[in-house]
Peer 1: 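Got a structure for you, written out below as structure tokens; questions coming shortly.
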Amino acid sequence: LASLYIGSGERERELVEAMAAGARSTRRQTHLVLDRWRASRALEARRQAGAPASSLEILAPLLDAPRVRVSLVSAPRPWAAAAGPAAQT
């Protein structure tokens with residue numbers, strides 16, 4: 001599954017729970033590829049409401065699941081390239 005991010009609603013929670021259960025009960029391998037910046041962006045309003053604030057928090061049940069890999073990818077930041085190598089860290 002490749003996506004910019006995983007939302008934090010009830011459907012997304014159900015999807016992650018089903019993926020975790022499936023990983024434990026089958027030999028299927030699951031690989032999630034998410035955009036690093038979008039997946040880790042926390043929404044402070046959701047956090048203050050006690051809800052998961054980012055995709056990474058929603059994906060927490062998958063961290064202990066067997067045969068599941070979560071990859072966070074970063075696209076090149078063109079605005080940083082114009083500023084030079086020091087800005088790309």
Side-chain angles (χ1 to χ4, degrees):
L1 173 66
S3 180
L4 286 175
Y5 62 95
I6 300 291
S8 56
E10 188 61 33
R11 286 184 181 177
E12 291 84 353
R13 288 183 205 182
E14 291 173 3
L15 172 66
V16 169
E17 289 172 10
M19 291 171 71
R24 290 183 182 96
S25 65
T26 68
R27 297 174 88 74
R28 176 182 51 221
Q29 294 185 7
T30 303
H31 185 188
L32 300 169
V33 180
L34 302 172
D35 179 83
R36 174 184 172 196
W37 304 111
R38 289 270 183 105
S40 60
R41 180 175 60 187
L43 301 175
E44 193 59 35
R46 291 193 57 77
R47 180 169 283 136
Q48 289 177 357
S54 71
S55 296
L56 298 180
E57 290 178 40
I58 290 289
L59 295 172
L62 293 176
L63 297 179
D64 294 327
R67 295 174 299 282
V68 173
R69 183 171 60 177
V70 177
S71 298
L72 302 176
V73 296
S74 296
R77 300 182 330 202
W79 62 89
Q88 295 179 17
T89 58

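Note that the structure is a prediction, hence the values are computed from the model and not measured.
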Peer 1: Is the closest side-chain heavy-atom distance between Ile6 and Leu32 below 4.5 Å?
Peer 2: no
Peer 1: State, to 0.1 Å, how close Ala65 and Ala23 come at their nearest heavy-atom pair, and which atoms those are.
Peer 2: CB-CB, 4.0 Å
Peer 1: Hydrophobic clusters here meaning ILVMFWY residues chained together by side-chain heavy-atom distances under 4.5 Å, can you tell me if Leu1 and Val68 are in one?
Peer 2: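 Looking at the clustering, Val68 is in the same group as Leu1.
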Peer 1: For residues Pro61 and Ala20, report the shortest heavy-atom separation together with the two atoms involved.
Peer 2: O-CB, 4.1 Å
Peer 1: Would one find more than 12 heavy atoms of other residues, nucleotides or ligands at under 6.0 Å from atom CZ of Arg24?
Peer 2: yes
Peer 1: Minimum heavy-atom separation for Arg36 to Ser74, with atom names?
Peer 2: CD-OG, 3.1 Å
Peer 1: Establish whether Val70 and Val73 are linked, either directly or via other cluster members, by ILVMFWY side-chain heavy-atom contacts under 4.5 Å.
Peer 2: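 Not linked; separate clusters.
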Peer 1: With a 4.5 Å heavy-atom cut-off, do Leu62 and Met19 have their side chains touching?
Peer 2: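 They are in contact (side-chain heavy atoms under 4.5 Å apart), so the answer is yes.
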Peer 1: Are Glu14 and Val16 side-chain neighbours, meaning at least one heavy-atom pair lies under 4.5 Å?
Peer 2: no
Peer 1: Does Arg27 use its side chain to pair, donor to acceptor, with the backbone of Arg67 at less than 3.5 Å?
Peer 2: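 Not a single qualifying donor-acceptor pair exists.
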Peer 1: Is there side-chain contact between Ser55 and Arg38, with at least one heavy-atom pair below 4.5 Å?
Peer 2: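 Answer no - side chains too far apart.
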Peer 1: Let me confirm one number: the CG-CG distance from Leu34 to Leu56, rounded to the nearest 0.5 Å.
Peer 2: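 Leu34 atom CG to Leu56 atom CG measures 7.5 Å (nearest 0.5 Å).
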Peer 1: How many angstroms lie between atom CD of Glu17 and atom CD1 of Ile58, to the nearest 0.5 angstrom?
Peer 2: 9.0 Å
